[in-house]
Amino acid sequence: SIHLANNKIESLPEEFFTRLPCLADIDIHRNHLKEIPTNIEQCKRLLAFNIGYNLLTTLPEEMAACKLLERLDITGNKMKVIPPVVTKLTNLYRFYASNMLLKELPDDFGNLVHLDKLNLNGNCFTSLPKKLLELPKLSYLGFRYHGIISVPEEIDRLTELTVLHVGNNPNLLSLPAQLA
């Protein structure tokens, strides 16, 4: 493990991941990173990657080689869309993408079939995306601080869902009967 959180790191040395290929847990949240080196693909044993609250606008496609990755936190970055590589990380069971500028989920978001916990609080969604209904193991959904006006009636298709946080959505006026 390596924990470099709460510093002012602007970039990682190009050889960072090459020299530390056995890392299982990397926490570099709350820094000033603008990009992740493409040689992150060297970290084949990576299980948890926290890069929240940096200045990232995307993630390198090479991250797809991190096939064991289970937990990814990209919260608070400058992303307007979920980077395409995320839906290739099919072993993810925890994904945090709050406080960004997201308006929609990628079409292939349903590829994340092992996703158990999803936090999308504080983005720019106007409705709860129906693509969420394609996540069979989802038990926790954080969807606070948006402008959503409704929760889809099909929400009951998420049979594993035990926690649904949709507070602080001032335009949400009613809930479907399926939530009763």
Side-chain angles (χ1 to χ4, degrees), residues 1-125 129 131-132 134-135 137-138 140-146 165:
S1 293
I2 191 163
H3 296 269
L4 302 167
N6 298 304
N7 291 300
K8 294 181 181 175
I9 300 169
E10 293 182 5
S11 65
L12 296 173
E14 192 57 42
E15 63 278 357
F16 183 79
F17 297 116
T18 306
R19 292 186 185 224
L20 301 166
C22 295
L23 287 174
D25 184 354
I26 301 172
D27 184 349
I28 49 179
H29 80 279
R30 293 199 186 273
N31 277 286
H32 298 166
L33 296 175
K34 291 182 181 168
E35 64 182 11
I36 300 298
T38 57
N39 62 1
I40 189 170
E41 65 190 351
Q42 302 294 315
C43 294
K44 306 260 192 251
R45 298 181 188 175
L46 188 61
L47 298 174
F49 195 26
N50 185 346
I51 48 177
Y53 294 99
N54 276 285
L55 303 172
L56 302 168
T57 56
T58 193
L59 297 173
E61 273 300 310
E62 290 80 359
M63 255 181 80
C66 302
K67 297 197 179 299
L68 299 179
L69 192 62
E70 297 174 339
R71 296 180 309 279
L72 178 61
D73 189 339
I74 62 173
T75 292
N77 277 290
K78 307 293 179 197
M79 299 176 191
K80 294 182 180 180
V81 297
I82 291 176
V85 71
V86 170
T87 58
K88 295 175 183 159
L89 300 169
T90 56
N91 206 42
L92 280 182
Y93 73 87
R94 301 272 165 101
F95 180 50
Y96 307 92
S98 295
N99 302 323
M100 296 198 300
L101 303 168
L102 304 176
K103 293 181 180 177
E104 60 186 16
L105 296 176
D107 289 338
D108 56 353
F109 200 72
N111 290 354
L112 302 177
V113 294
H114 298 290
L115 207 58
D116 169 59
K117 185 172 186 174
L118 176 61
N119 216 333
L120 294 170
N121 297 321
N123 280 293
C124 302
F125 291 91
K131 292 176 189 114
L132 294 173
E134 300 170 17
L135 303 172
K137 295 187 177 181
L138 194 65
Y140 176 99
L141 175 58
F143 213 81
R144 297 177 291 169
Y145 303 102
H146 291 282
H165 281 293

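In this pair, Phe125 and Phe143 present their aromatic rings tilted. The plane angle is within the 30 to 60° band. Ring geometry for Phe49 versus Phe17: interplanar angle over 60°, hence perpendicular rather than tilted (30 to 60°).
With hydrogens and angles left out, the side-chain atoms of His29 and Asn31 include no donor and acceptor closer than 3.5 Å. For the residue pair Thr18 / Asn39, a side-chain donor-acceptor distance below 3.5 Å is found, with atom types taken as modelled.
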| message | Please evaluate residues Glu104 and Lys131 with respect to the criterion salt bridge (Lys or Arg N to Asp or Glu O under 4.0 Å), reporting the C-alpha separation (whole Å), side-chain torsions for both, the decisive distance (0.1 Å), and the verdict. | response | CA-CA 9 Å; Glu104 60 186 16; Lys131 292 176 189 114; 5.6 Å; no

| Trace of the side-chain hydrogen bond (donor to acceptor under 3.5 Å, both in side chains) decision for Thr90 with Asn111 | CA-CA 6 Å; Thr90 56; Asn111 290 354; over 6 Å; no

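No more than 12 heavy-atom neighbours from other residues, nucleotides or ligands sit within 6.0 angstrom of CD on Glu35.
Note that CG of Leu115 and OH of Tyr140 are 12.5 Å apart. Values are rounded to the nearest 0.5 Å.
Scanning for side-chain contact (heavy atoms from CB on, under 4.5 Å) contacts around Asp73 gives Asn50, Thr75, Tyr96, with sequence neighbours left out.
Proximity of Ile26 to Leu4: side-chain heavy atoms (C-beta onward) are nowhere separated by under 4.5 Å. Side-chain contact check for Val85 versus Thr58: every heavy-atom pair is 4.5 Å or farther apart. In this structure, Lys103 and Asn123 have side chains that are not in contact, with every pair of non-hydrogen atoms separated by 4.5 Å or more. Side-chain contact between Ile82 and Phe95 is present, with at least one heavy-atom pair separated by less than 4.5 Å.
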